[in-house]
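Note that ligands are numbered from 1 as they come in the structure, with each ligand's atoms numbered from 1 the same way.
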Amino acid sequence: MTQNKFAQKSIDPATQTMLSRAEQEGIETAWNRLESQDPQCGFGLLGLCCRNCNMGPCRIDPFGNGPERGVCGATADTIVSRNLLRAIAAGAAAHSDHGRDIVEALLHAAKGDAPDYEIKDKEKLLSLARELNVPSEERSEKEIAADIAYKALDEFGTRKGNLDFVGRVPAQRKNRWSEAGILPRGIDREIVEIMHRTHIGVDTDYVNLILQGLRAALSDGWGGSMWATELSDVLFGTPTPQRGESNLGVLKEDEVNIVVHGHEPTLSEMIVQAARDPQMIELARSKGAKGINICGMCCTGNELLMRHGVPVAGNFLQQELAIVTGAVEAMVVDVQCIMPSLTDVAGCYHTKIISTSPKAKFPGAQHVAFDEEKALEIAGEIVRSAVENYPHRNEAKVLIPSEKMEFVAGFSVEAIVSALGGSLDPLLDAIKGGSIKGIAAIVGCNNPKIKHDYGHVALAEELISRDILVVETGCAAIASAKAGLLLPEAAAKAGSGLRAVCEALQIPPVLHMGSCVDISRILVVAAAIAKALDVDISDLPLAGAAPEWMSEKAVSIGAYVIGSGVFTVLGTVPPVLGSSNVAALLTEGANDVIGATFAVEEDPIKAAELMENHINDKRAQLGLS
Ligand code: SF4
Ligand code: MSK
């Protein structure tokens, strides 16, 4: 097998090495399974199949040679838009339920039921209290935190008319949402309403359906995700710039390797703490290991690296490959983006897959139920189980790729403001003066339909070379970390204007702003800049991209990003092409309603061109040279 074959699948040498190893060992990966699905269902790719009732399943013939309506009479427009909405509902539910878990953790901590958690960022707690009109004078932090947690819980089925954080958007944007009837009312309410309206015989008007999709997505971006971010900061600390290392080379040959994978920081924070316990380190030594190495994967990795500089072993498509190194004693998973195949891969090694959430169990995995009331004790049990597994490692099977790369991450809004000297003004001045043309957000997953990491890295490099500052989250940010773009030295790859700004501030040209839910941080920056200039977010020289997206969460993200007024380029085609009306609404018509649209472009260089053109148009409209 030539190395070349694997270079078609990923630009990352560590991934190429491990794909080759997996093939030698006869281990199936997502890439193999994608091939085995070929050709994928044409109706599914176009969004033209419906299973919403048992008169179906129905499908519409896109060429007009077969049925044009489902049994109930639903058209292609209805079926495509309903399918899209159900994806948004699932994505918004995933983010928002994560948010709810964080709210509940804060509430438990405030009530004294979760003694291992403390309020790390008191300043942020007080700032939220002011924003939300929670009294703080002569009250304990726990009392304030409990009130904030109750306010947050109210947001899920709110009776107040709209979400609290709608107060963060410029008036122009709020007015647009009101006029379009998409002001998000309550997080759960919008998701439930999608499920109602997409039931057989309810909403069949594709425009009306898509508007509800936008409203539900906004309740994710400005609700569920934003609460997850804000209260994670209160509980675990607001991120500040941290140095760390990324890629599979962070796994250690002579230490107990524990990979924490998924999304929620509640358990992984405790695992980091438990692994630092001298008694646990001593136990590891007694088993022949030199120490305990905690590494992150996907967004759990992002949460930990943002706050502790914990190394990150990889992004979504590397989860199976981490196990193929033969050097992982335990992969501890919570929720979201965990491949069901992990237990099969782990079955070929000594690796334990330990599931922890009652919401996500995996046949073949060991389940250790997480409980906030005994968080550190349970984390200790998990770490101990991994340590005791170390002697079962088969040295003959160990292959850890050498590749690892340093990064600087942890750019919360507060950290960016601090790097700028206390306000966003220097950034605004750089944008007004043209040394930075605009800001691009690159977010989202990996997808084996796109060469792994190529979509992210090529786009980021192209944008910075065009003097566009890049902000990233999720697996996109991990791709940039591995490629060395999260280092201040990467400014050498930027255009002269952006390079000068980065060098003056000692910041990378690509800023890692966190996990998937932390796209809310990007929304906050966008809203703050718009307010400072007294314009709508859609007037700003901003653009978004999801070059390798795959999850329903990414569908919700895309919808709330354009709903917030930011033009967004998708690198993989969403299943909407079965309805020319829906496709036209998303790529053109939406501009009249929300001032932003989607574009689809698989080639990252062409995507950068689209984004720069958009940014230049917005600059011209603002009268900037
Ligand atoms: Fe078919 Fe209509 Fe039922 Fe969908 S809702 S499966 S289109 S009959
Ligand atoms: S982990 S949703 S693969 S970014 Fe947030 Fe990565 Fe996408 Fe999951």
Would Gly444 count as a contact of ligand 2 if the rule is a heavy atom under 4.0 Å away? yes
Per-atom contacts, ligand 1 versus Cys58 - under 4.0 Å to a heavy atom: 1 (Fe), 6 (S), 7 (S), 8 (S)
Has Arg100 got its NZ or CZ under 6.0 Å from the middle of the six-membered ring of Phe156, at an angle within 45 degrees of the ring axis? yes
Identity and distance of the protein heavy atom lying nearest atom 5 (S) of ligand 1: Arg82 NH2, 3.5 Å
Would you call Gln318 and Thr15 a side-chain contact if the rule is heavy atoms closer than 4.5 Å? yes
Ligand 2 atoms nearer than 4.0 angstrom to some heavy atom of Lys553 are 2 (S), 5 (Fe)
Look at atom 7 (Fe) of ligand 2 and say which protein heavy atom is nearest, naming residue and atom and giving the distance to 0.1 Å. Cys445 SG, 2.5 Å
Ring geometry between Phe165 and Trp227 (parallel below 30°, tilted from 30 to 60°, perpendicular above 60°): tilted
Please determine which of Asn447, Leu459, Asn446 meets the side-chain contact (heavy atoms from CB on, under 4.5 Å) test together with Pro547. Leu459
Shortest protein contact, atom 8 (Fe) of ligand 2 (heavy atom only): Cys337 SG, 2.2 Å
If we number the atoms of ligand 1 from 1 as shown, the ones under 4.0 Å from a heavy atom of Cys72 are 2 (Fe), 5 (S), 7 (S), 8 (S)
Is Arg307 positioned over the aromatic face of Phe236, cation under 6.0 angstrom from the ring centre and no more than 45 degrees off axis? no
Show the atoms of ligand 1 that are less than 4.0 angstrom away from any heavy atom in Cys53. 3 (Fe), 5 (S), 6 (S), 8 (S)
Could you list which atoms of ligand 2 come closer than 4.0 Å to a heavy atom of Cys299? 1 (S), 5 (Fe)
Contact region, Arg59 to ligand 1, non-hydrogen atoms below 4.0 Å, reads neither
Tell me whether ligand 2 is touched by Gln336 - counting only heavy atoms on the residue side and a distance under 4.0 Å. no
Using a 4.0 Å heavy-atom threshold (strictly under), name the region of Ser551 that reaches ligand 2: side chain, backbone, both or neither. side chain
Flag side-chain contact, heavy atom, 4.5 Å: Thr300 against Glu303: no
Restricting to N, O or S atoms, which atom of His263 is closest to atom 5 (Fe) of ligand 2? NE2
Under a 4.0 angstrom heavy-atom cut-off, which atoms of ligand 1 come close to Gly56? 6 (S)
Proximal atoms of ligand 2 relative to Phe316 (non-hydrogen, under 4.0 Å): 3 (S)
Check whether more than 12 heavy atoms from other residues, nucleotides or ligands sit under 6.0 Å from atom NE2 of His367, and answer yes or no. yes
Under 2.8 Å: N/O/S of Cys475 next to atom 6 (Fe) of ligand 2: yes
Examine distances only and state if a side-chain atom of Asp603 and a backbone atom of Ile605 form a donor-acceptor pair shorter than 3.5 Å. yes
May I ask you to list the atoms of ligand 1 that are less than 4.0 angstrom from any heavy atom of Cys50? 4 (Fe), 5 (S), 6 (S), 7 (S)
Min side-chain heavy-atom separation Arg521-Thr229 under 4.5 Å: yes
Presence of N, O or S from Cys298 under 2.8 Å of atom 5 (Fe) of ligand 2: no
Atoms in ligand 2 flagged as close to Met550, the criterion being non-hydrogen separation under 4.0 Å: 3 (S)
Check whether any side-chain N or O of Thr78 sits under 3.5 Å from a backbone N or O of Ala74 as a donor-acceptor pair, and report yes or no. no
Main chain of Val80, side chain of Ser579: is a donor-acceptor contact present, judged purely on distance under 3.5 Å? no
Ligand 2 atoms in contact with Cys516 (distance to a heavy atom under 4.0 Å): 2 (S), 4 (S), 5 (Fe)
Looking only at side-chain N and O atoms, does Gln16 offer a donor or acceptor that is under 3.5 Å from a partner on Lys9? no
